[in-house]
Amino acid sequence: MMKIQIPNRKRQPVFCQYDSQSFPQKAYLEFDPMTSAKEEIVLTAGYAGAIGNAVPMDVWHNLILRFGIPSQVTLKALNALKKDEDFIRMLEQLREDYDQVWDGNNYVGKFDVDLYYNVCHYTQERLYSLMEQQR
């Protein structure tokens, strides 16, 4: 079972383009892999509030994992992604393999990088596919 927390119920819930900017802000799904296996997987949809490439410390240290999504993603596509069994299975595997360790300076997340990149790629491709089907 999976839940996606969505900031608003607009047709394009994570689209944000600031005045005088040429492109919209980067959008993402955030995942906390430290949730227990008994708990429901919860993703949070959002967009980067800072102009440029700033990221919060917990994302920088991989304590929270972000998967990039199209900024024009639709509410219907996000809701359809919640039911995608392959996506849920990959997130469960990522959560099982995940650990937080002290690196001498900070706690950092350790995980299977190949699996993480597969999830990132799958998320993008699946959302584009779902949006295309809804046209």
Side-chain angles (χ1 to χ4, degrees):
M1 191 73 186
M2 181 170 64
K3 179 168 95 175
I4 298 178
Q5 296 174 339
I6 301 170
N8 64 60
R9 295 289 178 203
K10 294 182 196 172
R11 185 178 184 294
Q12 293 177 317
V14 293
F15 184 86
C16 176
Q17 186 168 346
Y18 294 127
D19 292 340
S20 77
Q21 294 296 308
S22 301
F23 300 100
Q25 296 299 100
K26 292 181 180 178
Y28 55 79
L29 289 174
E30 278 189 345
F31 173 52
D32 180 358
M34 287 302 289
T35 57
S36 107
K38 296 177 184 174
E39 294 178 56
E40 173 179 56
I41 291 176
V42 177
L43 300 177
T44 303
Y47 62 86
I51 295 174
N53 59 359
V55 295
M57 184 184 78
D58 56 351
V59 174
W60 180 262
H61 292 295
N62 296 317
L63 302 175
I64 298 291
L65 302 180
R66 279 188 177 175
F67 311 113
I69 60 174
S71 56
Q72 71 276 16
V73 70
T74 62
L75 184 59
K76 280 185 175 182
L78 285 173
N79 285 328
L81 186 65
K82 289 192 286 192
K83 300 170 187 152
D84 187 313
E85 291 181 16
D86 292 332
F87 184 57
I88 294 169
R89 196 171 11 262
M90 286 192 289
L91 290 175
E92 286 171 345
Q93 185 178 357
L94 190 58
R95 180 169 60 181
E96 288 173 16
D97 295 341
Y98 182 86
D99 193 21
Q100 287 183 2
V101 297
W102 180 254
D103 72 353
N105 296 307
N106 299 287
Y107 281 100
V108 296
K110 295 289 183 186
F111 51 90
D112 181 343
V113 176
D114 290 334
L115 177 58
Y116 171 75
Y117 285 121
N118 286 340
V119 173
C120 290
H121 179 74
Y122 183 85
T123 305
Q124 287 268 343
E125 292 299 315
R126 186 70 180 126
L127 286 170
Y128 277 120
S129 173
L130 289 165
M131 288 188 303
E132 186 64 34
Q133 292 171 11
Q134 294 167 1
R135 286 188 176 185

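Residues L78 and I6 form a side-chain contact, since some pair of their non-hydrogen atoms from C-beta on lies under 4.5 Å apart. The side-chain heavy atoms of I69 and T123, taken from C-beta on, include a pair separated by under 4.5 Å. Two residues are said to be in side-chain contact when any heavy atoms from C-beta on lie closer than 4.5 Å; L130 and D84 fail this criterion. Considering only heavy atoms from C-beta on, Y18 comes within 4.5 Å of C16 through its side chain. Looking only at side-chain heavy atoms (C-beta outward), L65 and P33 come within less than 4.5 Å of each other. Between P70 and Q124, some side-chain heavy-atom pair lies under the 4.5 Å cut-off. The shortest distance between side-chain heavy atoms of F15 and K10 does not fall below 4.5 Å.
By the 6.0 Å contact criterion, OH on Y47 is open, its count of non-hydrogen atoms from other residues, nucleotides or ligands being 12 or less. Within 6.0 Å of CG in N53 there are 12 or fewer heavy atoms belonging to other residues, nucleotides or ligands. Annotation for F23: atom CZ does not count as buried by contact number, only 12 or fewer foreign heavy atoms lying within 6.0 Å. Counting non-hydrogen atoms of neighbouring residues, nucleotides and ligands closer than 6.0 angstrom, the CD atom of Q21 exceeds 12 such neighbours.
If you take CD on Q93 and CG on D112, they are separated by 7.0 Å, rounding to the nearest 0.5 Å. The structure places CG of L91 at 9.0 Å from CG of L29, a figure rounded to the nearest 0.5 Å.
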Next on the checklist: Checking V108 against N62 for the side-chain contact (heavy atoms from CB on, under 4.5 Å) test, could you report, in this order, the C-alpha distance in whole Å, the side-chain angles of both residues, the deciding distance, and whether it holds?
Outcome noted: CA-CA 6 Å; V108 296; N62 296 317; 5.8 Å; no

Item to check | Verdict with supporting geometry, L75 and R11, side-chain contact (heavy atoms from CB on, under 4.5 Å) | outcome: CA-CA 5 Å; L75 184 59; R11 185 178 184 294; over 6 Å; no

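Taking every heavy atom of both residues into account, P13 and P7 meet most closely at O-CG, 3.7 Å. Taking both residues in full, the closest heavy atoms of R66 and C120 are given as O-SG, 4.3 Å, listed atom of the first, atom of the second, then distance. What you find for M131 and Q72 is that their closest heavy atoms are SD-O, 3.7 Å. Here the shortest heavy-atom pairing between V73 and A77 reads CG2-CB, 4.0 Å.
Of the N and O atoms on the side chains of K82 and N79, at least one donor lies less than 3.5 Å from an acceptor on the other residue.
Under the 4.5 Å side-chain contact rule for hydrophobic residues, V119 and Y28 do not share a cluster. Linking Ile, Leu, Val, Met, Phe, Trp and Tyr residues whenever their side-chain heavy atoms come within less than 4.5 Å places V113 and L115 in a single cluster.
Taking the six-membered ring for Trp and thresholds of 30 and 60 degrees, F111 and Y98 have nearly parallel ring planes, at less than 30 degrees apart.
A distance-only check finds no donor-acceptor pair linking the side chain of E30 to the backbone of T44 [under 3.5 Å].
A ring-ring contact (aromatic ring centres under 6.0 Å, His included) check over residues 51-97, counting only residues at least two apart or in different chains, returns the pairs F67-Y116.
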